[in-house]
Amino acid sequence: GINCQGASRMCCRQEFFVDFREIGWHDWIIQPEGYAMNFCTGQCPLHVAGMPGISASFHTAVLNLLKANAASSTAGGGSCCVPTSRRPLSLLYYDRDSNIVKTDIPDMVVEACGCS
Amino acid sequence: NPKTDGPCPACWDATFDLESQRELLLDLAKKSILDKLHLSQRPTLSRPVSRGALKTALQRLRGRRRETLLEHDQRQEEYEIISFADTGLSSINQTRLEFHFSGRTTGGVEVQQTRFMFFVQFPPNATQTMNIRVLVLRPYDTNLTLTSQYLLQVDASGWHQLLLGPEAQAACSQGHLTLELVLESQAAHSSLILGGFSHRPFVAAQVRVEGKHRVRRR
């Protein structure tokens, strides 16, 4: 995947960190100090559709462009910049009874983005 | 949803200003965490635990990881709960400890393992052995029926661990575990430290979500 930087408007992963202290949750969430949520943003032209990590090579880009041109005449449907890889978020927190709970929440942190 | 004809949700940067986008993301993050933890709102701490007790409990548990790694999807269904004791009725040689579990613990989950951790300190220069009988009592029973008991021989000051059986696991699943510690030796009751700063007894429960029927498409 590609991390967003500069003025590129292509599909990329934008880092976004939620600081638990900033939102007033640091009293009940013991660890970690924040949530590296991240999200996907950017455009997905048709010729990069179905390519996690955008253009793997020049040849695949050209092939996809050909496919996209063929498909665009028959079907509408756009391509979206979506997460292609995620990892769990490990939390240590107090529940309602002030017990301490340790759990892994699956698929919470976006690690990479690509075009659907 | 790429299949709909609407605008692609990832292309929102064209319609949202930075501050709105940030607010939206923060709300999304909060909602996402609460949803996944099956909470309707953030917990309000009614019985806060001292930082000392928390630190000690975590230190005791650190390094006690299971030797065998579980399958990825199975691991995602598991979590651990540390419940600190509330001290109930006590006398000169016995102490009752109450542990409360609720929310995700009750219903639809299976308590797989329950470990009871407690701290014992003998008086200085004393060399003695102390027998401790740990009784598991039936939850919410006015007569506190005994369900099982364990005899422990303690001959050194420090933290001690006791793996509790299925009766205790069942009690945790029902939301309430009562233990009674009975000293059987002549050791002074004060040698057993309960609830003092970082030496508060606790139960560590390993819990697994149950009732998920896996359907495999062929």
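- The aromatic rings of H100(B) and H176(B) lie perpendicular to each other, with more than 60° between the two planes, well past the 30° mark.
- By the 4.0 Å N-to-carboxylate-O rule, E15(A) lies close enough to R13(A) to be salt-bridged with it.
- F101(B) CZ to S83(B) OG: the interatomic distance, rounded to the nearest 0.5 Å, is 4.0 Å.
- The candidate from V18(A), I23(A), D27(A) with the greatest count of non-hydrogen atom pairs under 4.5 Å with chain B is D27(A).
- Relative orientation of the F119(B) and H199(B) rings is parallel, given thresholds of 30° and 60° on the angle between their planes.
- Heavy-atom distances place the side chain of E22(A), and not its backbone, under 4.5 Å from chain B.
- For a residue to count as touching a neighbouring chain, one of its non-hydrogen atoms must lie under 4.5 Å from one of that chain's; by this rule I33(B) touches chain A with backbone and side chain alike.
- Applying the salt bridge (charged side-chain N to carboxylate O under 4.0 Å, His left out) criterion to R87(A), with sequence neighbours excluded, gives E111(A).
- Interface residue T44(B): only backbone heavy atoms are found under 4.5 Å from chain A.
- For F16(A), the part lying under 4.5 angstrom from a heavy atom of chain B is the side chain only.
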